[in-house]
Protein chains: 4
Amino acid sequence: MKKKDVPSLVKDERLIKKRRDQIVKAAVHLFNQKGYHKATTREVAQASGFSIGTLYEYIGSKEDILYLVCDAVYDEVVEKWETLMDENLHGLDRLYQVIEAYFRVVDDLQNEVLVMYQESKSLSEEALSYVLEKEMRMKEMFEKELIKAKELELIQIEEGQLSMVCHNILVAGHMWTFRRWALHKEYTIDTYCKWQINQLFYGLSVNKSATKTITKVQQNLETEGTV
Amino acid sequence: MKKKDVPSLVKDERLIKKRRDQIVKAAVHLFNQKGYHKATTREVAQASGFSIGTLYEYIGSKEDILYLVCDAVYDEVVEKWETLMDENLHGLDRLYQVIEAYFRVVDDLQNEVLVMYQESKSLSEEALSYVLEKEMRMKEMFEKELIKAKELELIQIEEGQLSMVCHNILVAGHMWTFRRWALHKEYTIDTYCKWQINQLFYGLSVNKSATKTITKVQQNLETEGTV
Amino acid sequence: MKKKDVPSLVKDERLIKKRRDQIVKAAVHLFNQKGYHKATTREVAQASGFSIGTLYEYIGSKEDILYLVCDAVYDEVVEKWETLMDENLHGLDRLYQVIEAYFRVVDDLQNEVLVMYQESKSLSEEALSYVLEKEMRMKEMFEKELIKAKELELIQIEEGQLSMVCHNILVAGHMWTFRRWALHKEYTIDTYCKWQINQLFYGLSVNKSATKTITKVQQNLETEGTV
Amino acid sequence: MKKKDVPSLVKDERLIKKRRDQIVKAAVHLFNQKGYHKATTREVAQASGFSIGTLYEYIGSKEDILYLVCDAVYDEVVEKWETLMDENLHGLDRLYQVIEAYFRVVDDLQNEVLVMYQESKSLSEEALSYVLEKEMRMKEMFEKELIKAKELELIQIEEGQLSMVCHNILVAGHMWTFRRWALHKEYTIDTYCKWQINQLFYGLSVNKSATKTITKVQQNLETEGTV
DNA sequence: AATGAATGAGTGTTCATTCAT
DNA sequence: CATGAATGAACACTCATTCAT
């Protein structure tokens with residue numbers, strides 16, 4: 001899926017970048033406050049520091065603003081993430097850090113991530129799939145790390161579990177923003193990282209003598225024929 | 001937080017219930033397709049099988065529709081969940097089942113949960129806090145079970161982890177709907193339950209010889225002074 | 001102009017009268033509070049003590065309510081007026097009393113008169129002309145009295161003045177309602193009657209010698225440099 | 001009570017004034033025909049010569065239109081009134097002229113005055129009190145003149161009568177519009193002025209010795225050729 | 001005769017988008 | 001390149017009126 005083309009009537013690429021940065025910054029703030037649908041293009045223009053006419057010199061439609069935001073947020077997340085990484089770490093330490101760094105970037109870019117998260121569904125199919133593709137690329141970053149760790153025999157992970165765990169990690173990051181009404185009361189970003197990583201690697205530490213196979217539960221449910 | 005009052009011009013309580021059920025059903029469908037903001041009240045009325053005037057005999061504002069949806073979805077989830085529970089199960093089996101049953105209910109009520117999940121942020125503060133309270137009550141159901149399991153020494157779980165794990169379970173359920181664009185390609189609800197529960201209880205099965213304490217990682221990160 | 005026909009689905013004339021009395025009473029109250037246009041038929045029905053369906057058993061349209069009100073108010077004014085009249089009075093005293101009694105009836109039926117006064121313009125042409133005809137009939141009552149007084153040489157009034165004075169009297173009554181925001185602060189109905197009647201009969205008591213001395217006064221003032 | 005703020009999305013003050021003049025003109029015409037409540041904002045926009053969207057660039061709500069009308073009408077009345085005044089007249093002549101000029105302005109601005117008169121009650125409390133204050137200021141103009149005349153001993157007027165007479169004069173002006181269905185059949189503005197002023201100063205001539213100098217005043221006014 | 005649920009045309013208002021200056 | 005006035009389709013919501021029960 002290609003980058004969606006956002007039309008501009010202006011030629012100067014440098015100016016386009018500058019104005020769009022202004023737009024994104026203003027839009028993130030506004031969309032956070034009122035949501036994408038309730039924020040008006042006029043408001044975005046004003047918050048960006050120019051007129052509605054000028055706004056439309058740099059975008060083709062309101063949706064483009066949302067697209068620019070989502071696009072920018074992914075880039076910013078990845079960029080900051082890379083800044084945080086210590087390339088000297090190895091083994092499990094590296095794995096922990098990749099995840100923790102991600103959580104911390106999300107914490108840092110809370111508003112941005114939240115907007116992208118809550119409003120991206122309003123994108124057109126074309127724009128959405130581009131954005132989702134970026135999401136998948138982030139997922140792949142975790143997959144790579146996990147596969148590497150598995151190959152190094154640092155962790156044991158079954159085939160089917162791999163992808164799901166990466167989804168879980170990503171969503172655990174998002175959660176920190178979209179469930180902040182609850183989580184921020186109970187956790188700091190430090191404790192949140194600690195417990196999420198702990199949970200991710202060690203689970204609920206099942207007392208082994210109590211273990212029964214999940215398969216059995218499955219069977220029970222299936223014989224009941226419900227759902 | 002009390003149940004928000006949704007005004008109706010109609011007196012017959014039975015009829016109100018019937019019509020509101022129609023409205024909720026139609027609204028879930030519509031909001032799924034186009035989202036809350038893009039769906040018009042006229043469309044909701046039409047999809048409900050009556051005129052716009054009649055719609056407004058049973059609600060006070062468009063927001064009330066969303067509120068009715070969210071309220072109904074929670075009730076429906078809890079109700080179906082209870083139906084699925086086999087009260088004869090005990091120990092870890094019960095724990096597995098509580099979680100799996102929840103996932104299966106979410107799967108069954110995918111559209112409903114997705115709408116509630118994606119659109120509830122558009123509720124007014126008053127309505128939202130009522131809805132969030134319901135969410136917290138669901139979280140408590142998991143908490144109770146986990147505490148019970150802990151007391152029976154079926155699992156080991158530290159203080160700070162408990163709440164977060166419950167959030168994780170709830171969100172893992174939601175994920176099945178809001179990330180279905182990815183997850184449903186890779187998993188069936190059966191395999192999804194299996195892997196999520198597996199992951200929840202056993203984590204990534206860290207190879208013990210490779211284990212280092214998370215605290216150490218934390219220290220590394222902190223000494224770097226980043227974030 | 002004939003009495004406008006207000007259709008009713010009910011046969012029993014006595015019931016029609018009873019219900020319409022209820023309607024008029026409720027409507028006067030409501031129209032006073034919110035005005036004819038902002039008051040809804042539902043509200044009128046409710047304030048009348050029955051359902052919207054029943055309301056429409058006794059009227060054909062919302063406008064009929066206004067017509068009923070206007071019609072009733074005139075009748076009530078005339079009726080109360082006659083009650084107040086002392087037939088033993090004669091001469092100027094009678095004239096004073098006719099006018100004062102009218103003012104006092106208006107004071108008594110303030111809300112009714114105000115509604116009729118402010119809202120009758122919303123009647124259809126047909127209904128309006130019937131109402132205006134009633135107004136003219138009231139005017140004629142004053143005309144008769146004034147003509148009688150003129151014939152008795154109690155007052156001097158020129159041809160063209162007669163009609164206008166009667167309009168003035170009627171409007172002076174209405175004024176007491178539609179300018180009550182100002183008049184009721186400054187006058188009681190007693191003082192209002194006194195001064196209006198005084199003004200009506202004696203005017204501003206122009207100083208007779210003033211006409212002649214004006215030039216003189218002016219000269220004085222002008223030399224003083226004032227004015 | 002301060003001038004109510006009517007919000008506009010347009011910045012150019014000159015354009016605002018121009019457009020609002022258009023709006024007022026169109027609204028007076030429409031409100032006369034159908035009344036404030038039955039006239040739609042779309043009709044006002046169309047009659048003003050622009051689209052509904054443009055209308056709302058210059059007002060905040062429908063009520064603002066009514067407010068603009070009332071506000072403008074008062075200003076226009078006062079302005080025209082002042083134009084008509086001959087500052088060289090003194091004594092009773094001046095008094096006659098102040099009143100007659102007012103009647104003639106009302107005649108000239110019939111539609112405007114009638115709308116303001118009949119619809120101002122639909123204003124919000126805030127706007128209404130501002131409008132009523134303007135009305136009171138007009139009343140004070142008459143009060144000043146009467147007090148001056150009293151001090152010059154041109155007229156005799158008792159304390160309690162003064163305010164009421166001014167109300168009467170104002171209402172006599174309004175009457176010429178809201179009772180035109182009757183008055184215009186019987187009077188021209190010339191005869192209406194003559195008889196109202198006559199009545200105002202000399203009453204019903206109970207006392208037979210009352211003079212009729214009005215004819216003379218009329219001649220003065222007529223020879224000036226104004227109005 | 002009374003009820004009140006159903007109707008849908010109509011209303012005020014918003015806002016993304018355009019385009020002349 | 002920037003501006004902001006103009007546009008009008010679209011929307012939430014109201015309410016007089018009807019009619020089956």
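- When distances are taken from the side chain of D:Glu57 to each of F:dA5, F:dA9, E:dA5, the shortest belongs to F:dA5.
- Pairing for F:dT21 is with E:dA2, a Watson-Crick or G-U wobble pair whose two hydrogen-bonding atom distances lie under 3.5 Å.
- Atom CD1 in D:Ile16 sits about 15 Å away from atom C1' in F:dA6, given to the nearest Å.
- A:Asp21 and A:Lys25 are not joined by a salt bridge, as no carboxylate oxygen comes within less than 4.0 angstrom of a charged side-chain nitrogen.
- E:dA5 atom P lies 7 Å from atom NZ of B:Lys11, rounded to whole Å.
- A straight line from CD1 of C:Ile52 to P of E:dA5 spans 12 Å, rounded to a whole angstrom.
- Between C:Lys18 atom NZ and E:dA1 atom C1' there is a gap of 12 Å when expressed in whole angstrom units.
- Proximity of C:Tyr130 to C:Leu123: side-chain heavy atoms (C-beta onward) are nowhere separated by under 4.5 Å.
- Each of F:dT3, E:dT14, E:dA5 was ranked by its minimum atom distance to the side chain of A:Ser51; first place goes to F:dT3.
- We find that CD of D:Glu43 is positioned 11 Å from C1' of E:dG10, with the value rounded to whole Å.
- With distances taken from any side-chain atom of C:Thr40 to the nucleotides E:dT17, E:dC15, F:dA16, the minimum falls on F:dA16.
- Regarding D:Leu9, its CG atom lies at a distance of 12 Å from the C1' atom of F:dA6, rounded to whole Å.
- Nucleotides of DNA chain F nearest to C:Gly60 and D:Gly49 differ in position, and the one nearer the 5' end is that of D:Gly49.
- Minimum heavy-atom separation, A:Val115 to A:Val28: CG2-O, 3.7 Å.
- Closest to the side chain of A:Thr41, out of E:dT17, E:dA2, F:dA16, is E:dT17.
- The interatomic distance linking D:Leu15 (CG) with E:dT21 (P) rounds to 14 Å, in whole Å.
- If you measure from atom CG of B:Leu55 to atom C1' of F:dC15, you get 15 Å, rounded to the nearest angstrom.
- Both D:His37 and C:Tyr58 lie close to DNA chain E; mapped to their nearest nucleotides by heavy-atom distance, the more 5′-ward contact belongs to C:Tyr58.
- Aromatic ring orientation, B:Phe178 versus A:Phe178: perpendicular (interplanar angle above 60°, classes split at 30° and 60°).
- Considering only the side chain of A:Val10, F:dC1 comes nearest among E:dA16, F:dC1, E:dG10.
- Residue contacts shown for C:Ala45 are absent, as no nucleic acid heavy atom lies under 4.0 Å away.
- Where D:Lys38 and A:Arg42 each meet DNA chain E at their nearest nucleotide, the meeting point lying more 5' is that of D:Lys38.
- Using a cut-off of 4.0 Å between Lys/Arg side-chain N and Asp/Glu carboxylate O, B:Glu57 and B:Arg19 are scored as not salt-bridged.
- Listed nucleotides: E:dA5, F:dA6, E:dT18. Nearest to the side chain of A:Tyr56: E:dT18.
- Between A:Asp71 and A:Lys4, no side-chain nitrogen of the basic residue sits less than 4.0 Å from a carboxylate oxygen of the acidic one, so the salt-bridge criterion is not met.
- Comparing D:Asp12 and B:Glu63 against DNA chain F, the residue whose closest nucleotide sits nearer the 5' end is D:Asp12.
- Under 4.0 angstrom from either OP1 or OP2 of F:dA5 there lies no side-chain N or O belonging to D:Thr54.
- Distance from the side chain of D:Phe50 is smallest for F:dT7 among the nucleotides E:dT13, F:dC1, F:dT7.
- Nearest nucleotide to the C:Arg19 side chain, out of E:dA2, E:dA1, F:dA5: E:dA2.
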